[in-house]
Amino acid sequence: MLATFSAPTPGSSLAMRLVYIPLSAPRQPRGSDDLPPLTPDQLLPVILGWIEDNRAAVEAAKEAQCASSSPDEPNWDTVFFTLVESVSMYLRKDEEVAQAILSARVGNQAATIAHLKASEELIQQVAKALDCTFIQLCDFADRTPDGLLLSSGAYAGLWISNSAEKPFAGVAFKGSSSDKDAWTDINWVPAVPLRPDIARGSQMHRGFYYNLFGDFTVEGQVQIPFDVVVEQLKIARVGDAKLHFTGHSLGGGLCTLAFGEFLRRQSEPVFASFNIGDVYSLAAPRVCYEPFASEIRMRTQPGGGRYSFRIVNNEDPVPMIPPPPPPLVEDVTQYPFVHVHGGWKITPTGPRRMVDEPPPVPPPPFEEMVSEDHDTRRYYASWQATRHS
């Protein structure tokens with residue numbers, strides 16, 4: 001049975017710490033002439049329309065506890081469910097967070113909490129449509145890691161099924177939606193984790209490392225987004241719910257790293273208490289050198305009940321990096337980032353399995369990259385050609 005969970009609420013200490021957070025630049029939505037960018041208010045009806053049009057897939061994914069039966073092919077109903085979870089993380093209302101920060105600066109605790117609640121009201125509407133409960137796990141999106149000037153921190157949430165018969169929960173990470181996120185993305189030069197056990201010591205995308213595992217000092221206290229996620233999961237008490245991980249773009253990279261940490265530390269009592277399921281990354285860039293990918297493969301073997309799936313839409317350029325193509329990098333072989341296995345390319349004519357790395361596939365020239373294929377609406381369009389309910 002799914003244990004009773006308790007939703008962490010923004011109390012006075014959390015709310016008042018916003019005093020110390022600088023206001024970030026306004027959201028810089030991405031889009032193209034064919035797919036203009038959407039505000040959260042415009043994106044919400046799109047997501048709700050997807051759910052309404054694919055009720056059979058939603059129910060089938062819930063029946064499967066958002067899991068796949070083998071590593072040979074993902075459950076495409078589950079892929080849809082995780083796509084909805086991932087895209088909904090973009091519904092965070094930055095302007096409400098900004099108002100919460102301003103209210104905290106003048107000591108108005110009630111207004112601060114009200115604005116924080118309003119910042120996630122659109123996400124809660126999606127959760128209701130899915131018959132789930134959404135709980136924020138961490139929000140460092142408006143903060144900057146210690147020692148860096150421009151990067152962002154992780155924003156993650158927990159989607160809990162309201163079913164006691166088929167319990168599952170999903171940890172979803174937000175992708176890039178601000179200038180600070182963009183700086184995180186381009187800060188790809190590999191770094192050795194300061195906490196050497198992370199990713200088995202693999203060199204890692206520097207921006208992603210600091211976004212999820214960096215120190216964030218507030219009021220003299222150091223917080224680490226990943227540790228906050230784990231602590232909030234403990235508070236939520238998800239019991240034996242099957243726990244999957246997902247995210248789009250930057251969020252896809254972060255969910256891959258988080259999944260790897262949960263697997264690496266599964267013998268520790270805290271992590272052993274979670275029923276770890278699959279990872280479904282969407283549009284994820286490469287995140288690490290070896291041995292990270294090999295370690296993920298070793299821990300997601302057939303029959304293990306937890307698998308790795310990496311979903312790529314058509315010619316989406318983001319999964320082709322890092323490293324970036326020439327002329328930014330003359331010799332891409334000098335930066336041996338390797339994708340985790342389980343790659344599937346979805347196209348308007350159907351899905352096909354991708355060849356596992358290594359060796360990594362060199363990125364194409366910039367002029368051949370199709371940026372529109374990174375858009376979540378293109379992912380949904382291509383998903384429709386898969387074998388789903």
Side-chain angles (χ1 to χ4, degrees), residues 30 35 38 40 42-68 73-92 122-123 125-127 129-132 134 155-159 161 168-177 242 244-256 259 277-285 307-314 316 318-319 342-348 350-351 354 372-389:
R30 300 177 181 180
L35 291 170
L38 301 179
Q42 293 170 328
L43 180 58
L44 175 65
V46 173
I47 298 173
L48 294 179
W50 294 352
I51 295 171
E52 187 60 31
D53 292 342
N54 296 278
R55 278 291 171 190
V58 170
E59 294 308 314
K62 291 161 70 173
E63 180 67 20
Q65 295 176 277
C66 261
S68 296
E73 184 172 1
N75 179 326
W76 293 106
D77 298 317
T78 292
V79 171
F80 173 71
F81 203 99
T82 58
L83 174 65
V84 170
E85 291 174 324
S86 298
V87 179
S88 296
M89 300 305 292
Y90 290 113
L91 294 175
R92 175 186 184 269
L122 302 184
I123 302 177
Q125 291 187 48
V126 177
L130 293 173
D131 192 25
C132 290
F134 177 82
Y155 174 61
L158 180 67
W159 299 77
S161 169
F168 67 88
V171 177
F173 290 86
K174 182 182 75 67
S176 300
S177 62
K242 195 81 167 180
H244 64 268
F245 297 78
T246 191
H248 173 264
S249 191
L250 165 64
L254 298 179
C255 78
T256 303
F259 179 68
D278 305 334
V279 61
Y280 297 87
S281 70
L282 303 136
Y307 306 118
S308 170
F309 297 104
R310 185 173 60 84
I311 311 301
V312 177
N313 178 49
N314 213 27
D316 182 352
V318 172
W344 280 82
K345 178 166 287 193
I346 54 175
T347 73
M354 302 175 71
E372 290 85 356
D373 282 345
H374 188 63
D375 193 287
T376 56
R377 289 164 287 183
R378 288 283 178 87
Y379 271 77
Y380 171 70
S382 293
W383 170 83
Q384 290 181 304
T386 65
R387 295 173 285 275
H388 63 271
S389 298

On a heavy-atom basis, which atom in L48 and which in V126 lie closest, and how many Å separate them? CD2-CA, 4.2 Å
Separation of T347 OG1 from N314 CG (nearest 0.5 Å): 6.0 Å
What closest approach, in Å, do P40 and Y90 show between heavy atoms, and which atom pair accounts for it? CG-O, 3.9 Å
Which pair of non-hydrogen atoms, one from C255 and one from T246, has the smallest distance, and what is that distance? CB-O, 3.4 Å
Worked verdict on N54 versus Y380 for side-chain hydrogen bond (donor to acceptor under 3.5 Å, both in side chains): CA-CA 11 Å; N54 296 278; Y380 171 70; 3.0 Å; yes
Starting from the C-alpha separation in whole Å, work towards a yes-or-no answer on side-chain contact (heavy atoms from CB on, under 4.5 Å) for W383 and I311. CA-CA 10 Å; W383 170 83; I311 311 301; over 6 Å; no
Side-chain heavy atoms of K345 within contact of S382, under 4.5 Å: no
Apply side-chain contact (heavy atoms from CB on, under 4.5 Å) to L91 and I47, showing your working. CA-CA 10 Å; L91 294 175; I47 298 173; 3.9 Å; yes
Say you draw a straight line from CD of Q125 to OG of S88; how long is it, rounded to the nearest 0.5 Å? 10.5 Å
Sub-4.5 Å side-chain heavy-atom contact between V84 and V58: no
Do you know which of L38, V46, L44 makes side chain to side chain contact (heavy atoms under 4.5 Å, CB included) with Q42? L38
How long is the span from the SG atom in C66 to the CZ atom in F80, to the nearest 0.5 Å? 11.0 Å
CG-CG distance between N313 and D373, expressed to the nearest 0.5 angstrom: 5.0 Å
When rounded to the nearest 0.5 angstrom, what is the spacing between CD in E73 and OG1 in T386? 8.5 Å
By salt bridge (charged side-chain N to carboxylate O under 4.0 Å, His left out), which residues pair with K242, not counting sequence neighbours? none
H244/F81 under ring pair (Phe, Tyr, Trp, His ring centres under 6.0 Å): CA gap, chis, key distance, verdict: CA-CA 11 Å; H244 64 268; F81 203 99; 7.1 Å; no
Minimal non-hydrogen separation, A172 against E85, with atom names: CB-O, 4.1 Å
Over 60° means perpendicular and under 30° means parallel, so tell me whether Y307 and F309 are parallel, tilted or perpendicular. perpendicular
side-chain hydrogen bond (donor to acceptor under 3.5 Å, both in side chains) between H388 and D77, intermediate numbers included: CA-CA 5 Å; H388 63 271; D77 298 317; 5.8 Å; no
Evaluate Y280 against S68 for side-chain hydrogen bond (donor to acceptor under 3.5 Å, both in side chains), listing each step before the verdict. CA-CA 10 Å; Y280 297 87; S68 296; 2.7 Å; yes
Which atom names give the shortest non-hydrogen contact between P285 and G253, and what distance separates them? CD-N, 4.1 Å
Could you measure the distance from the NE2 atom of H248 to the OG atom of S176? Nearest 0.5 Å is fine. 9.0 Å
What heavy-atom pair brings F259 and D278 nearest, and what distance separates the two atoms? CE1-C, 4.0 Å
Do W159 and M89 have side chains that approach each other closer than 4.5 Å (heavy atoms only, starting at C-beta)? yes
With heavy-atom distances below 4.5 Å as the criterion, would you say the side chains of Y379 and S86 are in contact? no
Measuring centre to centre across the rings, with the benzene-like ring taken for any Trp, is W76 within less than 6.0 Å of W344? yes
